[in-house]
Amino acid sequence: MQLYPLFADLTDRSVLVVGGGDVADRKVAMLLRAGARVTVGAPMLGPELREKLQHGRITYRPGAYQSEWLDNVWLVIAATRSRPLNARIAADGHAQQRLVNVVDDPSLSSFQVPALIDRSPLLVAISTGGVAPVLARRLRERIESLLDPTIGSLLQLAQRYRARIRQRYADLAARRRFYDWLHDGPVNALIRAADPVRAERQLRAALSSAIEPTSKGSVVLVGAGPGDPGLLTLRALRALNEADVILHDELIGPQILDLARRDALQIAVGKRGGGTHTPQETIHALLLQHVQAGHRVIRLKGGDPFVFGRGGEELAFLRKHGIAYEVVPGITAAAACAAYSGVPLTHRDHAQSVRFVTAHCQQSLDTLDWRDLARERQTLAIYMGVSQLDELTRQLLAHGCAPNTAFALIENGSLPNQRTLTGALHDLPALAKRHAIRAPAIVILGEVATLADASHWYGELIGNPPHHPAIPRNLADAA
Ligand code: SAH
């Protein structure tokens with residue numbers, strides 16, 4: 001081991017930072033967070049350090065460095081621009097047996113400052129001994145994304161009740177089970193749901209109850225976005241990491257499922273490629289079964305769970321059975337496909353509103369207000385079954401939609417095999433047939449769709465500009 005890992009308690013201990021610039025300021029800020037008494041020595045202070053001085057948060061030693069500055073300090077950080085000066089400070093410090101860090105110079109330092117993930121009281125520190133700072137940074141990003149920001153609040157709560165938990169659960173194994181419950185159960189769920197008061201009440205109730213609390217199962221309804229794993233939210237990623245059971249839509253790709261815990265049970269439900277469905281009742285029954293077994297269940301859906309996802313029905317079911325749940329939004333297909341084809345869904349001059357419409361089957365087509373949909377100056381994002389294109393186009397034209405209204409039809413949006421087909425509405429069914437467009441695909445209809453030809457940046461573009469009305473100048477410029 002090249003370095004001995006060490007977490008130092010610097011509360012009210014004197015430390016010295018030499019240097020008055022930005023780098024010194026960053027070091028000072030960190031030391032102040034740890035409660036250290038900081039003295040800064042430098043001929044001049046930059047604006048941030050001057051402000052800290054004015055607020056009485058630091059002590060200042062003006063002028064050129066002198067070795068007496070090292071008297072009575074626990075550690076010293078050299079953050080001057082001059083390497084010889086940094087070396088002199090380091091040599092003086094080593095001679096006086098101070099812990100010394102020279103910024104960005106491990107060879108002169110006797111301690112190094114690690115990459116840090118701060119969820120106080122939890123701290124995760126990463127060191128590569130100065131060998132691989134890039135790796136340290138990447139690891140830090142990964143761990144940051146895995147630890148919910150609220151974990152610190154849970155730990156602070158647990159800290160306040162530590163003695164009482166110890167008293168109530170003298171037996172170590174029982175205490176461990178209690179802490180597991182604290183992390184996996186309702187207390188943490190309430191903290192994540194921004195309700196610390198009820199979280200504490202739950203904790204107290206559990207401590208004063210005669211029976212040991214057991215983890216009941218819970219459900220997180222998670223939107224997985226349109227397909228690109230990069231479009232998962234951090235919260236969705238954390239849920240994937242925590243789940244025991246994943247009930248996922250058939251369309252969720254392997255790249256996303258690969259991010260789940262290796263030992264999680266994965267069950268495909270919902271729509272199959274061919275269009276057969278797992279009945280909603282079967283999904284409900286599976287949810288219930290696994291929750292009652294005490295599992296943490298994710299219901300993973302494409303896009304956003306509340307946009308044509310029957311998420312509302314699933315929540316109603318969970319509520320009815322008194323099952324705890326959270327909902328994590330996802331990027332809906334309309335937003336993702338618009339972004340990945342360069343089409344802004346709204347535009348100051350050309351579309352004041354955007355409407356998400358479903359046209360999956362005859363039944364959904366029958367209930368649409370076609371006259372309203374055929375209006376100008378709006379964008380339609382039509383979630384649809386590809387087989388409905390004929391009927392969709394016929395109805396829109398019949399209710400007054402201009403035949404040359406621009407469309408962009410995006411297939412497999414955000415995935416490597418994305419294709420964007422553009423053209424005019426009257427040609428839509430024929431073009432889709434000619435290019436064998438398959439589900440999943442979405443139509444973006446309206447003047448903004450003309451922009452795809454110019455602004456498209458991802459996957460293949462199959463443009464049909466001859467059918468387009470001329471792109472209005474200001475619209476093209478805005479892109
Ligand atoms: N809850 C989902 C929508 C479910 S309905 C969401 O918010 O996106 C399914 C429809 O969404 C598909 O028929 C298709 O019209 C659209 N869709 C989903 N993923 C898509 C993708 N990657 N590319 C294009 N359309 C997509």
Side-chain angles (χ1 to χ4, degrees), residues 220-233 236 247-257 268-278 280 283 298-315 327-343 345 354-365 368 379-389 391-393 407-422 428-429 432 435-445 449 452 456 458-462:
V220 194
L221 187 57
V222 177
D228 177 353
L231 296 180
L232 280 172
T233 62
L247 290 181
H248 63 87
D249 284 359
E250 201 90 31
L251 281 173
I252 305 282
Q255 277 177 302
I256 287 178
L257 293 171
V269 294
K271 203 174 302 174
R272 271 160 225 288
T276 55
H277 288 244
T278 308
Q280 195 64 36
I283 298 176
I298 291 201
R299 176 72 180 100
L300 191 63
K301 289 168 166 291
D304 181 89
F306 283 176
V307 178
F308 307 130
R310 306 190 71 170
E313 289 166 54
E314 289 177 19
L315 280 203
V327 184
V328 180
I331 296 182
T332 191
C337 293
Y340 277 57
S341 61
V343 174
L345 288 174
V354 56
R355 305 179 63 176
F356 293 179
V357 181
T358 176
H360 266 107
C361 54
Q362 193 58 47
Q363 196 192 350
S364 54
L365 288 171
L368 290 172
T379 304
L380 300 185
I382 309 170
Y383 294 68
M384 43 123 232
V386 180
S387 57
Q388 309 301 326
L389 278 175
E391 172 76 352
L392 178 78
T393 305
F407 76 82
L409 173 58
I410 299 123
E411 175 195 54
N412 295 316
S414 85
L415 294 163
N417 55 348
Q418 173 179 315
R419 291 194 295 170
T420 302
L421 176 70
T422 62
L428 171 56
H435 295 284
I437 300 291
R438 305 223 186 298
I442 196 167
V443 175
I444 299 177
L445 189 72
H456 170 275
Y458 186 84
E460 186 187 352
L461 175 71
I462 310 170

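In this text, all values refer to a predicted model and were calculated from it rather than measured experimentally. Counting starts at 1 for both ligands and their atoms, following the listed order.
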Gln362, CD atom: more than 12 neighbouring heavy atoms under 6.0 Å: yes
Sub-3.5 Å N/O-N/O distance, Gly309 and ligand 1: no
Interfacing atoms of ligand 1 (cut-off 4.0 Å, heavy-atom, Ile410): 24 (C)
Region of Asn412 engaging ligand 1 - heavy atom pairs below 4.0 Å: backbone
Any N or O of Gly413 closer than 3.5 Å to N or O of ligand 1: yes
Option whose closest heavy atom lies nearest to atom 25 (N) of ligand 1, chosen from Gly223, Pro305, Ala335, Ala441: Ala441
Non-hydrogen atoms of Cys337 and Gly413 that approach each other most closely: SG-CA, 3.8 Å
Polar proximity ligand 1 side, Leu415 side, N/O cut 3.5 Å exclusive: no
Any N or O of Glu411 closer than 3.5 Å to N or O of ligand 1: no
4.0 Å heavy-atom contact, Gly302 with ligand 1: yes
Ligand 1 versus Leu251: contacting region, heavy-atom distance under 4.0 Å: neither
Exercise: identify the closest heavy-atom pair between Val343 and Ala452: CG2-CB, 3.7 Å
Residue Thr332 vicinity, atoms of ligand 1 by number, heavy atom under 4.0 Å: 6 (C), 7 (O), 8 (O)
Minimum heavy-atom distance Pro305-Val327, with the two atoms named: CG-CG1, 4.2 Å
Side-chain heavy-atom pair Gln363, Leu365 within 4.5 angstrom cut-off: no
Polar atom proximity, Met384 to ligand 1 (N or O, under 3.5 Å): yes
Expected output: side-chain Arg299 to main-chain Glu314 donor-acceptor under 3.5 Å: no
Per-atom contacts, ligand 1 versus Ile442 - under 4.0 Å to a heavy atom: 24 (C), 25 (N)
Numbered atoms of ligand 1 (with element) below 4.0 Å of Val307, judged on heavy atoms: 1 (N), 2 (C), 3 (C), 6 (C), 7 (O)
Tyr383, any N or O under 3.5 Å of ligand 1 N or O: no
Interfacing atoms of ligand 1 (cut-off 4.0 Å, heavy-atom, Phe308): 4 (C), 5 (S)
Which atom of Pro226 lies closest to which atom of Leu231, heavy atoms considered: CG-CD1, 3.6 Å
Donor-acceptor contact present, side-chain Asn412 to main-chain Gln418, <3.5 Å: no
Any His360 heavy atom less than 4.0 Å to ligand 1: yes
Heavy-atom closest pair, residues Ala432 and Leu409: CB-CD2, 3.9 Å
Close N or O approach (Asp304, ligand 1; < 3.5 Å): yes
Main-chain N/O of Ala335 paired to Thr332 side chain as donor or acceptor, under 3.5 Å: no
Over all atoms of both residues, closest heavy-atom pair of Leu345 and Ala334: CD1-O, 4.0 Å
Backbone or side-chain N or O of Cys337 under 3.5 Å from ligand 1 N or O: no
